Amino acid sequence: MFRVITALLITLALTGCMDSISKLSEPVDTSYYTVDLKDYEYCRGNTKQCLSMTLIGTGLPYFKPIEEAYSQKLSGKNSLKALIHMLLTSENAKYPIVKDSENGRYYRLGANKQTDTVWKTLKHIEESLYNPKRLID
């Protein structure tokens, strides 16, 4: 009986150790952004920090930084499509654009001033919609 209890305790202890090993996080890489064309998400590197690109449709007053970064206008009528086109095919893009899936769902964009501006603008729109008090401070 003592051996069974000892074996059980050792097994539980090892299982706990193995569980904590599997929970070690992988290194964070924010040297790029990922564009998800199915869910319309704009994500930072390999993190789970994502913003919905559909926010751009409510952000007409916030277009200027993106337009200046790309030297192009975002059309207000279909701003989501215009933003995607700007990110993935702009002649003014100064970053690598890599197709990150065979079906064309994911694209990887190098992080730089332009792509950071898109992130900051989407974040600003999100905050204005969901945290209006933060804009007053």
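Quick caveat, the model's predicted, so the values are computed rather than measured.
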- Message: Please enumerate all residues that pass side-chain contact (heavy atoms from CB on, under 4.5 Å) together with Lys94, with sequence neighbours excluded.
- Response: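 Result, side-chain contact (heavy atoms from CB on, under 4.5 Å) vs Lys94: Asn112, Gln114.
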Using 0.5 Å steps for rounding, measure from the [atom1] atom of [X] to the [atom2] atom of [Y].
X: Leu51; Y: Lys120; atom1: CG; atom2: NZ; value: 13.0 Å
X: Met86; Y: Lys81; atom1: CE; atom2: NZ; value: 14.0 Å
X: Phe63; Y: Glu68; atom1: CZ; atom2: CD; value: 14.0 Å
X: Cys43; Y: Lys48; atom1: SG; atom2: NZ; value: 11.0 Å
X: Lys38; Y: Tyr106; atom1: NZ; atom2: OH; value: 7.5 Å
X: Leu122; Y: Ile125; atom1: CG; atom2: CD1; value: 5.5 Å

- Task: Run the numbers on Ser90 and Gln72 for side chain to side chain donor-acceptor pair (under 3.5 Å), then give the verdict.
- Result: CA-CA 9 Å; Ser90 175; Gln72 289 179 247; 2.6 Å; yes
Nearest heavy-atom pair of [X] and [Y]: which atoms, and what distance?
X: Tyr33; Y: Arg44; value: CE2-CG, 3.7 Å
X: Ser101; Y: Arg105; value: OG-N, 3.0 Å
X: Ala93; Y: Ile97; value: CB-CD1, 4.4 Å
X: Tyr42; Y: Thr115; value: OH-O, 2.9 Å
X: Ser79; Y: Gly57; value: OG-CA, 3.4 Å
X: Leu74; Y: Glu67; value: N-OE2, 3.0 Å

- Query: Checking Asp39 side chain against Glu41 main chain: does a donor-acceptor pair fall under 3.5 Å?
  - Reply: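 Not a single qualifying donor-acceptor pair exists.
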- If only atom types and distance count, is the side chain of Asn46 paired as donor or acceptor with the main-chain N or O of Pro27 below 3.5 Å?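 It does hold such a pair.
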- Check whether any side-chain heavy atom of Leu55 lies under 4.5 Å from a side-chain heavy atom of Leu80, and answer yes or no.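 Result no, sub-4.5 Å side-chain heavy-atom pair not found.
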- Query: Side-chain contact, heavy-atom cut-off 4.5 Å: Val35 with Tyr40?
  - Reply: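 No, side chains not in contact.
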- Message: Among Asp29, Asp100, Asp36, exactly one meets salt bridge (Lys or Arg N to Asp or Glu O under 4.0 Å) together with Arg108. Which residue is that?
- Response: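 Only one of Asp29, Asp100, Asp36 forms a salt bridge (Lys or Arg N to Asp or Glu O under 4.0 Å) with Arg108, namely Asp100.
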- Task: Report the residue from Thr34, Leu37, Val98 that forms a side chain to side chain contact (heavy atoms under 4.5 Å, CB included) with Tyr107.
- Result: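 Result for side chain to side chain contact (heavy atoms under 4.5 Å, CB included) with Tyr107: Leu37.
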- Of Thr117, Leu83, Leu87, which is the lone residue that meets side chain to side chain contact (heavy atoms under 4.5 Å, CB included) with Tyr70?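 Answer after filtering Thr117, Leu83, Leu87: Leu87.
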- Message: Taking atom OH as the centre, does Tyr95 end up with more than 12 heavy-atom neighbours from other residues, nucleotides or ligands that are less than 6.0 angstrom away?
- Response: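 Yes, because the 6.0 Å sphere around OH of Tyr95 holds more than 12 heavy atoms from other groups.
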- With sequence neighbours excluded, tell me which residues meet side-chain hydrogen bond (donor to acceptor under 3.5 Å, both in side chains) with Ser71.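 Residues passing side-chain hydrogen bond (donor to acceptor under 3.5 Å, both in side chains) with Ser71: none at all.
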